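Below you'll find the structure, written out as structure tokens, and then a few comments.
Just so it is clear, the values below take in all heavy atoms, side chains as well, and ignore hydrogens, waters and symmetry mates. All values reported here derive from a predicted model rather than from experimental measurement. Naming convention: chains lettered A, B, ... in sequence-line order (proteins, then strands); numbering from 1 in each chain.
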Amino acid sequence: MRTTLPVAVAFLSGLIMVVGFFMNPEKTFFGNVEEEVLQWVTIVGGFTLLLGVVSIVRVNSRVVSQKRKDWIYNLATLISVFAMAIPAIMPISSDSNFGSIFYSIFPESWSFLFGTGTYSIYDWLFNYMDSPMMATMFAMLAFYIASAAYRAFRARNAEATLLLLTAVLVMLWRIPMGEAFLRIFSDSLPGYINTYVMSGVNVAVQRGIIIGAALGAASMSLRILLGIERTYMGKG
Amino acid sequence: MTFFGHFEIWLSAFLVLSLFSFLYKDNPFYKMAEHIFAGLSAGYYVGLIWQAVIIQQLVNPMFDQGHWWLVFPGILGALMFARFFSKWSWISRISLAFVIGNTAGVFLISQLHGFVLPQVVSTMISLNPAQGFAATLSALVIVIGVISTLIYFYFSKEHTGILGGTAKVGIWFIMISFGAHFGYTVMGRISLLIGQVQFLLFDWGGSIKQIF
Amino acid sequence: MNFWEKVSGMDRRWIYLLVAISVIFPMLVVIKFPVQITPEARQLFDAVESLPDSSVIFLTFDYYPSTLAETEPMSVAALNQMFRKNMKVVTMTTVPLGGPSIAERVTRKLAEKYGKVYGVDYVNLGYKANYVAVLKGMGSSIEAIYPADNTGTMLKDLPLMQKVKNYNDVKFIYVVADNGIIDYWISIVNAQYGTPVGAGVTAVMAPKMYSFVEAKQLTGLLGGMKGAAEYERLVNHEGNAIRGMDAQSMAHLLIIFLVVIGNIGFFATRKLRRGAQG
């Protein structure tokens, strides 16, 4: 029951998609079933994102309630979760039952602050706090990649030298200053890099990898559908 | 710019600089910003799923349009939370299996039909020298490169003899492609830094200039 | 400790400082080298340009705030081209963190500039979970997956969506992405429904995409901030990507310099290290 039922559900859910591929989605009953199943998957998929949020709240609440080391930071995380989430799930009009109760407490002119629309608290927190911080986290990688290039990018052997030379050539080609520099040697040089490196050797290698990975993904999918691959169920 | 407009920019700039301060060394400003970031991102999911999924895809269609059968995906979604109760955690497998099985079904077709076939077809190109030197050279590069790369990643047989020689050619191709990848990666990372520096110099700088 | 040993053991923070200077300095002292157009960017521009005016086009915001510097200029440039051609633009996202907010912010701003009316000239569908099912599901019915738009207005109440039922009604799909979602636009939507797909992707993803361009599975490609700068030039709209190209150039030159110095140091100290080991 604990493994057979999920395996059967996975098989049926996948089979509908495989068979659906060979049918006209607009004109058959099966097409309607496929459409309905896909709609259901987008709904269930939404709940999976909430699992992560529940985990974050549980872990941080535990640290705060036990006042472990640096618990103040975990408290900041918890406050941030609720500051973002609570205004977002509040009603934006008094049309519903909950809305009428809510706007009997708060003036209805405040409704623009709630929900997820433009000018809401949710949107403001995203635009002025969350978004710049996420962009900065990734911007810091520029420093790390420069440091890594300086310390680890060595021409230790022929293969590494080839990699290094291509990287330098591409770095030059992708900047206006570098492209102007390459044109000193030949006006066609940037075009050759595009044709023979990016659209030539690079395409060949990427194609090999894409074909290999796609065959792997297809066989893994078949294993899941047939119930051979069950690791996604976890332990127990 | 209004007072509130300045406040918005200064708040963003403070958070950006707090995170950048980690480059010098770890400090409480960085830690605080990092934890706020994690919290806000998690909170964002809640608002999004509430509005886009629970209200738009479940509550409204069920109560306004009478699509009562959507209660089933609603239950399947709720069952996901059984994971947090060790005795009942196995129930969440049903919901997970529904999503994973569906994705596997789509993938089984799309990986073969959408990747393998078109990529193989576009590798079957003419090597006839009559088409001109440049075109033949390009075609040769593609054909040799694809075959040698596939052989390099084929581990079911020891890389000796012809197989070993072809794999050796494959690694030269792979090194060139990975070099191009590295060049592009450097470009990407620098671009992200440029974005944040543009914000600090022009937006925050503009605000500083206006105030002082 | 000789000179090269000192150079090799330099504190990482000096390198960080050099990187910061290489990015900040060119923004203060503008040099402006011309941005050359690659054939892939031209192909994407031409594909959109050749569509009849008022065609329905999909523009996706499949990117997180982390890569805004590379991707947002692509979306802005693309919207400039589409609104200038009076195309009917349907935007959507499969990215849960920020996607809907970014799409809303960018489209509203550009629509205001061109005097476009929401619901008639453009619609923002917003986000739905599980992108594989979303992409596949829209093949038969967009309304089945998106019963309402980003703000909760039912699709049946939006005039534009009355004539856009599924991919058959869409002339072109312009994907701007910073993650693997582009693979599924190609392998599910383009392969199974035949709708042409063009892409603007982050630099990290660009090398893989060349393979799809060559196989004609992608109609045109923009790679990273340079790709965005090319598109800005093509649509005649100077934005953050063109403005960032000088800084990009200087930082690349610095990294090449660091690689060269690092290697000289490596070979200069290798003898010493071998001597010490021997």
Side-chain angles (χ1 to χ4, degrees), chain A residues 17 21 25-26 31 34-36 38-39 41-49 92 115-118 123 126-127 130-132 134-135 137-139 142-143 145-147 149-155 164 167-168 171-172 174-180 190 194 198-199 202-203 206-207 209-210 214, chain C residues 12 15-16 18-19 23 31 33-36 38-39 64-69 96-98 100-102 104-105 108 128-130 133-134 136-137 139-141 144-145 151 192 203 207-208 210-211 213-215 223-224 226 245-246 248-256 258-259 261-263 266:
Chain A
M17 292 300 112
F21 174 76
E26 289 168 69
E34 188 196 50
E35 189 181 303
E36 195 64 39
L38 286 165
Q39 196 184 341
V41 171
T42 62
I43 295 169
V44 181
F47 283 86
T48 54
L49 281 176
I92 49 171
T116 56
T118 318
D123 198 49
F126 171 76
N127 280 324
D130 201 24
S131 173
M134 194 170 181
M137 286 282 191
F138 280 77
F143 297 102
I145 206 165
S147 177
Y150 177 66
R151 281 169 209 289
F153 210 21
R154 302 277 185 260
L164 194 148
V168 168
M171 273 193 262
L172 279 174
R174 287 304 283 173
I175 52 172
M177 242 181 247
E179 200 174 349
N194 198 18
M198 296 313 300
S199 303
N202 170 63
V203 162
Q206 295 302 327
R207 190 163 284 170
I209 294 172
I210 289 167
Chain C
R12 67 192 155 82
I15 297 169
Y16 296 169
L18 288 174
V19 173
V23 171
I31 311 159
F33 271 76
V35 175
Q36 302 295 331
T38 53
Y64 290 84
S66 50
T67 59
L68 278 178
L97 185 51
S101 304
I102 297 165
E104 196 73 33
R105 176 168 54 78
R108 294 230 179 237
K128 289 290 172 276
N130 198 322
V134 170
K136 177 83 182 147
S140 51
S141 165
I145 302 297
T151 54
Q192 294 181 23
K208 181 181 174 186
Y210 274 86
S211 191
V213 176
E214 285 299 302
K226 166 73 175 9
M245 275 301 104
D246 285 344
Q248 188 88 51
S249 298
M250 286 303 283
H252 278 211
L253 294 179
L254 170 73
I255 289 176
I256 292 169
L258 287 174
V259 169
I261 294 291
N263 275 281
F266 171 72

Note to self: Quick check for you: to the nearest 0.5 Å, what is the distance between C:Leu254 atom CG and C:Leu18 atom CG?
What the structure shows: 5.5 Å
Check: How long is the span from the NZ atom in C:Lys136 to the CD atom in A:Glu34, to the nearest 0.5 Å?
Finding: 5.0 Å
Checklist line | Separation of C:Met250 CE from A:Met177 CE (nearest 0.5 Å) | finding: 6.0 Å
Check: Where on C:Ala251 is there a heavy atom nearer than 4.5 Å to chain A: the side chain, the backbone, both, or neither?
Finding: neither
Next item on the list: Can you tell which part of A:Glu179 gets under 4.5 Å to a heavy atom of chain C, answering side chain, backbone, both or neither?
Entry: side chain
Check: Can you tell which of C:Ile256, C:Val23, C:Thr67 has the highest number of heavy-atom pairs within less than 4.5 Å of chain A?
Finding: C:Ile256
Item checked: C:Gln192 portion near chain A, given a 4.5 angstrom heavy-atom threshold -> side chain
Note to self: Tell me if the CD1 atom of A:Ile92 is crowded by more than 12 foreign heavy atoms within 6.0 Å.
What the structure shows: no
Notebook entry, point to check: Within the distance-only criterion (no hydrogens, no angle test), does the side chain of A:Ser147 pair as donor or acceptor with the backbone N or O of A:Phe143 below 3.5 angstrom?
Noted result: no
Next item on the list: Name the region of A:Phe126, side chain, backbone, both or neither, that has any atom closer than 4.5 Å to a heavy atom of chain C.
Entry: side chain
Item checked: Main-chain N/O of C:Gly223 paired with A:Arg174 side-chain donor or acceptor, under 3.5 Å -> yes
Next item on the list: Output all residues satisfying side-chain contact (heavy atoms from CB on, under 4.5 Å) with C:Ser211, sequence neighbours left out; order by chain, then residue number.
Entry: A:Val203, A:Gln206, A:Arg207, A:Ile210, B:Gln119
Check: Side chains of A:Ile175 and C:Leu253: closer than 4.5 Å at any heavy-atom pair?
Finding: yes
Notebook entry, point to check: Looking at A:Gln39, A:Met198, A:Arg154, which makes the most heavy-atom pairs under 4.5 Å with chain C?
Noted result: A:Arg154
Note to self: With chain C as the partner, which of A:Ser131, A:Gly45, A:Pro176, A:Ala155 has the greatest number of non-hydrogen pairs under 4.5 Å?
What the structure shows: A:Pro176
Notebook entry, point to check: Side-chain contact, heavy-atom cut-off 4.5 Å: C:Ile15 with A:Arg151?
Noted result: yes
Next item on the list: Identify which part of C:Ile31 has an atom lying under 4.5 Å from any heavy atom of chain A, answering side chain, backbone, both or neither.
Entry: side chain
Next item on the list: Let me know if C:Pro207 has heavy atoms under 4.5 Å from chain A in its side chain, its backbone, both or neither.
Entry: both
Next item on the list: Determine yes or no for a side-chain-to-main-chain donor-acceptor pair under 3.5 angstrom, with C:Ser66 supplying the side chain and A:Met134 the backbone.
Entry: no
Check: What part of A:Tyr150 lies closer than 4.5 angstrom to a heavy atom of chain C: side chain, backbone, both or neither?
Finding: both
Checklist line | Under 4.5 Å from any heavy atom of chain C - which part of A:Thr118 | finding: side chain
Check: Checking heavy atoms, do the side chain of A:Ile43, its backbone, both or neither come under 4.5 Å from chain C?
Finding: neither
Next item on the list: Pick whichever of A:Thr116, A:Leu164, A:Asp130 has the most heavy-atom pairs under 4.5 Å with chain C.
Entry: A:Leu164
Notebook entry, point to check: Which one, A:Ile209, A:Val41, A:Asn202, A:Ile145, leads in non-hydrogen pairs under 4.5 Å with chain C?
Noted result: A:Asn202
Check: By a 4.5 Å heavy-atom criterion (distance strictly below it), what part of A:Met137 contacts chain C: side chain, backbone, both, or neither?
Finding: neither
Next item on the list: Give a yes or no on whether the backbone of A:Phe153 and the side-chain of C:Asn263 come within a donor-acceptor separation of less than 3.5 Å.
Entry: yes
Check: With chain A, which of C:Arg12, C:Glu104, C:Gln36, C:Gln248 has the greatest number of heavy-atom pairs at distances under 4.5 Å?
Finding: C:Gln36
Next item on the list: Below 4.5 Å from any heavy atom of chain C, which atoms of A:Ala180 appear? Answer side chain, backbone, both or neither.
Entry: side chain
